[in-house]
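This is a predicted model, so every value here is computed, not measured. Hydrogens, waters and symmetry mates play no part in the numbers below; they use all other heavy atoms, side chains included. Chain letters run A, B, ... following the sequence lines, proteins first and then strands; every chain starts at 1.
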Number of protein chains: 4
Amino acid sequence: MVEKRDTKEKILRAALEMFTESSYSTVTIDDIAKRAGVSKGGVFHYFDSKLQLAKKALVLGVKMLWAKNIDEQLDGCKTPAEKVWVIIDNSLSGIIEQSKLMRFINDMYTYCKDESGTMESIKNIWEEHIKIVKTTLSEVGVSNPGLKSRILCACIDGLIYQILTFQELKINLDSLKKEIYDLFVK
Amino acid sequence: MVEKRDTKEKILRAALEMFTESSYSTVTIDDIAKRAGVSKGGVFHYFDSKLQLAKKALVLGVKMLWAKNIDEQLDGCKTPAEKVWVIIDNSLSGIIEQSKLMRFINDMYTYCKDESGTMESIKNIWEEHIKIVKTTLSEVGVSNPGLKSRILCACIDGLIYQILTFQELKINLDSLKKEIYDLFVK
Amino acid sequence: MVEKRDTKEKILRAALEMFTESSYSTVTIDDIAKRAGVSKGGVFHYFDSKLQLAKKALVLGVKMLWAKNIDEQLDGCKTPAEKVWVIIDNSLSGIIEQSKLMRFINDMYTYCKDESGTMESIKNIWEEHIKIVKTTLSEVGVSNPGLKSRILCACIDGLIYQILTFQELKINLDSLKKEIYDLFVK
Amino acid sequence: MVEKRDTKEKILRAALEMFTESSYSTVTIDDIAKRAGVSKGGVFHYFDSKLQLAKKALVLGVKMLWAKNIDEQLDGCKTPAEKVWVIIDNSLSGIIEQSKLMRFINDMYTYCKDESGTMESIKNIWEEHIKIVKTTLSEVGVSNPGLKSRILCACIDGLIYQILTFQELKINLDSLKKEIYDLFVK
DNA sequence: CATGAATGAGACTTCATTCAT
DNA sequence: GATGAATGAAGTCTCATTCAT
């Protein structure tokens with residue numbers, strides 16, 4: 001009973017780990033099974049196909065990283081400005097993890113672009129995040145919070161992308177955070 | 001003689017087209033050969049392996065898109081501020097093409113991360129671009145042009161990434177350009 | 001106790017249904033279990049293997065269709081000629097069912113040809129039937145009843161086979177019955 | 001050039017041999033490749049899938065056996081009655097081969113029944129054969145040649161089926177031929 | 001130079017069967 | 001008795017790569 005949930009969970013986590021490390025096509029069901037400690041057949045007992053497993057793993061990954069209790073941290077802030085700082089600081093601190101997830105999302109996009117569902121659900125989680133940023137920027141009192149929230153998030157994504165592609169930022173992360181903060185909050 | 005160069009070129013372009021449309025593993029040598037109008041064996045006559053071909057195609061793609069005569073356009077500008085606008089406008093106008101290339105880069109990263117060479121050469125092209133942006137921002141007189149140039153480029157990359165992943169920006173592109181311009185040039 | 005017999009019977013009937021509809025290799029234990037309303041393990045509780053189950057189902061099917069109270073019907077006939085008609089009419093009226101069973105027999109033949117037992121027992125049932133036909137033809141007074149009984153049965157089998165393979169006979173069934181009757185009884 | 005046709009032919013013949021000996025699901029692509037003397041990949045170079053190969057092999061088999069130069073033999077006959085004898089003699093002489101082919105046809109039926117094409121083309125060949133029998137019976141001057149031709153063919157099919165299922169006829173083949181001849185030609 | 005037939009490693013997936021609960 | 005999670009052997013099919021012509 002509890003076992004069942006556990007095995008499925010184990011497979012899902014193993015899949016997430018592997019798919020964030022390598023590309024979808026490079027990772028084999030065998031690899032995942034081995035890492036999860038189950039047999040190849042076991043994977044198919046819980047998931048219909050490799051693709052379905054990857055999709056589920058992707059959603060899990062996005063939820064784990066993006067839905068990371070940022071709400072609590074924002075609640076603990078005294079001023080709106082502080083909130084902005086928390087958002088920037090938070091996003092860029094887990095930049096390596098973020099970049100791996102981004103790679104995975106990007107990879108899966110190729111396999112899911114013609115279907116509706118998977119990317120949609122990720123988009124929804126993403127939009128939730130944008131909304132929080134927008135509200136926060138509004139509270140700070142900046143002009144055009146709608147546009148600015150998207151630009152701020154794009155900024156962070158772009159930096160993550162640079163890390164992903166080049167493995168380094170060449171600039172001190174803390175200076176970057178500060179500069180971004182100044183740019184948006186003035 | 002000229003023929004030779006042509007065939008190789010044809011294969012390279014066909015590969016670039018296909019690899020920007022689908023993922024590396026999805027595209028087959030057969031597909032590329034067919035699109036290039038040569039035989040499967042022909043591809044291996046000019047390239048050692050699929051991976052080598054993909055790398056060459058990637059570099060070609062990056063050069064074609066990033067090294068796109070921006071220099072000339074910048075030369076035509078009268079004020080530094082105008083140059084910044086050209087940079088922003090240019091990058092975001094070809095956003096669909098950019099996003100496809102980004103996907104390809106991302107895809108190849110998985111296959112090349114453990115080796116030195118390919119990603120390095122792309123990085124170099126990228127750094128060239130950053131340098132131009134930095135110089136331009138300096139001329140405008142903003143503070144911390146080094147940091148700001150990276151942030152501006154990250155901003156643009158992040159927007160491209162959103163297009164790539166979600167197929168839409170939900171915001172008018174021109175308003176975005178203007179807002180970004182204001183943000184960085186004030 | 002009674003339950004036990006019931007479960008086994010349920011499985012057997014479910015198996016017969018499925019094996020007459022699709023081929024042995026296409027039908028899975030899961031399918032049978034589902035149709036019988038038991039678990040996969042349940043099937044193996046009553047039968048050693050898929051093949052053994054199929055054999056038992058085959059014999060059941062043959063008995064159900066061939067041993068179908070033809071004796072009673074023959075007993076009700078007043079003349080030997082009437083008996084011949086009953087045999088022909090009976091066999092060809094259930095032609096669709098017969099053809100499904102024939103397909104199953106044929107299918108199983110591949111899996112059992114190298115072993116003695118299953119096909120033997122079916123053959124025995126078959127020989128019983130031939131004997132009845134032979135006796136009946138003797139009573140009618142035809143020449144060579146031994147040969148003719150086999151030819152008559154072959155005739156019917158051949159028509160069933162045509163139905164099986166081509167799904168239609170292209171000829172009115174009643175005319176056929178009458179013609180066959182005339183041919184053998186004159 | 002000639003090679004190409006040869007290899008495809010070799011595979012087709014190997015497939016026909018194996019599929020007439022065992023069931024579709026039991027025969028593996030590996031088996032066929034081995035018997036044809038090519039690699040597994042070679043099979044897929046010429047045929048899209050196992051099923052497609054089996055269909056092609058089936059049609060080949062039917063053509064080879066059914067379209068067997070019966071026309072020439074019939075042309076050589078002096079009287080219509082002689083023709084009938086040739087038909088009966090011919091069909092029942094190759095009864096073992098016929099029964100193997102029948103098993104294959106039957107087997108494939110399961111996999112092709114929901115699609116149009118394969119069984120249709122076999123049916124056409126079959127109908128051709130019926131037509132010849134009908135014409136011959138007409139020439140002999142029997143009543144209802146349309147019905148009788150179908151019954152005669154059914155007779156032969158039924159005997160083939162008995163051979164297939166029980167491996168023996170229990171009756172001398174020549175007596176059978178004679179009896180059938182008498183039955184239809186009188 | 002060019003072709004495309006041939007190879008074979010390796011991927012995904014199915015499914016009969018076992019067994020702990 | 002009954003369940004269904006787990007196994008793993010085996011099958012189909014793909015595709016980069018080679019090589020004779």
Open item on the list: If you assign each of C:Val38 and D:Ser49 to its closest nucleotide in DNA chain F, which residue comes earlier from the 5' end?
Closed with: C:Val38
Open item on the list: Tell me whether the rings of A:Tyr24 and A:Tyr111 are parallel (<30°), tilted (30 to 60°) or perpendicular (>60°).
Closed with: tilted
Task: Paired nucleotide for F:dA20 [Watson-Crick or G-U wobble; both distances under 3.5 Å] - done: E:dT3
Task: Given F:dT17, E:dA11, E:dT17, the nucleotide with the shortest approach to the side chain of C:Ile29 - done: E:dT17
Open item on the list: Nearest whole Å is fine: how far is F:dT12 P from A:Lys50 NZ?
Closed with: 21 Å
Open item on the list: Rounding to an integer number of Å, can you tell me how far D:Tyr46 OH sits from F:dC13 C1'?
Closed with: 18 Å
Open item on the list: Return whichever of B:Asp30 or A:Gly41 has its heavy-atom-nearest nucleotide of DNA chain F closer to the 5' end.
Closed with: A:Gly41
Task: Phosphate OP1/OP2 of F:dG4 contacted by C:Lys40 side-chain N/O (<4.0 Å) - done: no
Open item on the list: Whole angstroms only, please: what is the CD-P distance between D:Glu9 and E:dA6?
Closed with: 13 Å
Task: Sidechain N-carboxylate O distance under 4.0 Å for A:Arg35, A:Glu21 - done: yes
Open item on the list: Is a donor from one side chain sitting under 3.5 angstrom from an acceptor on the other, for A:Gln52 and A:Tyr46?
Closed with: no
TODO: Give a yes/no on whether any side-chain N or O of A:Thr7 is located under 4.0 angstrom from OP1 or OP2 of F:dA6.
DONE: yes
Task: Length of the NE2-P vector between B:His45 and F:dC19, whole Å - done: 15 Å
Open item on the list: What is the distance, to the nearest angstrom, from the CD atom on C:Gln52 to the C1' atom on E:dT17?
Closed with: 14 Å
TODO: Please figure out whether A:Phe44 or C:Asp48 has its closest DNA chain E nucleotide nearer the 5' end.
DONE: A:Phe44
Open item on the list: Need one value for D:Ser25: base, sugar-phosphate or nothing, where a base atom within 4.0 Å counts as base even if backbone is also close, heavy atoms only.
Closed with: nothing
Task: Atom-to-atom span, NZ of A:Lys8 to C1' of F:dA6 - whole angstrom - done: 16 Å
Open item on the list: If you assign each of B:Ser39 and A:Tyr24 to its closest nucleotide in DNA chain E, which residue comes earlier from the 5' end?
Closed with: B:Ser39
- [ ] Spell out, as yes or no, whether a donor-acceptor pair under 3.5 Å connects the side chain of D:Ser99 to the backbone of D:Ile96.
- [x] yes
Open item on the list: Once rounded to the nearest 0.5 Å, what's the spacing between atom CG of B:Asn106 and atom CG of A:Asn106?
Closed with: 4.0 Å
Open item on the list: Please report the distance, rounded to the nearest Å, between CG in A:Leu51 and C1' in E:dC12.
Closed with: 12 Å
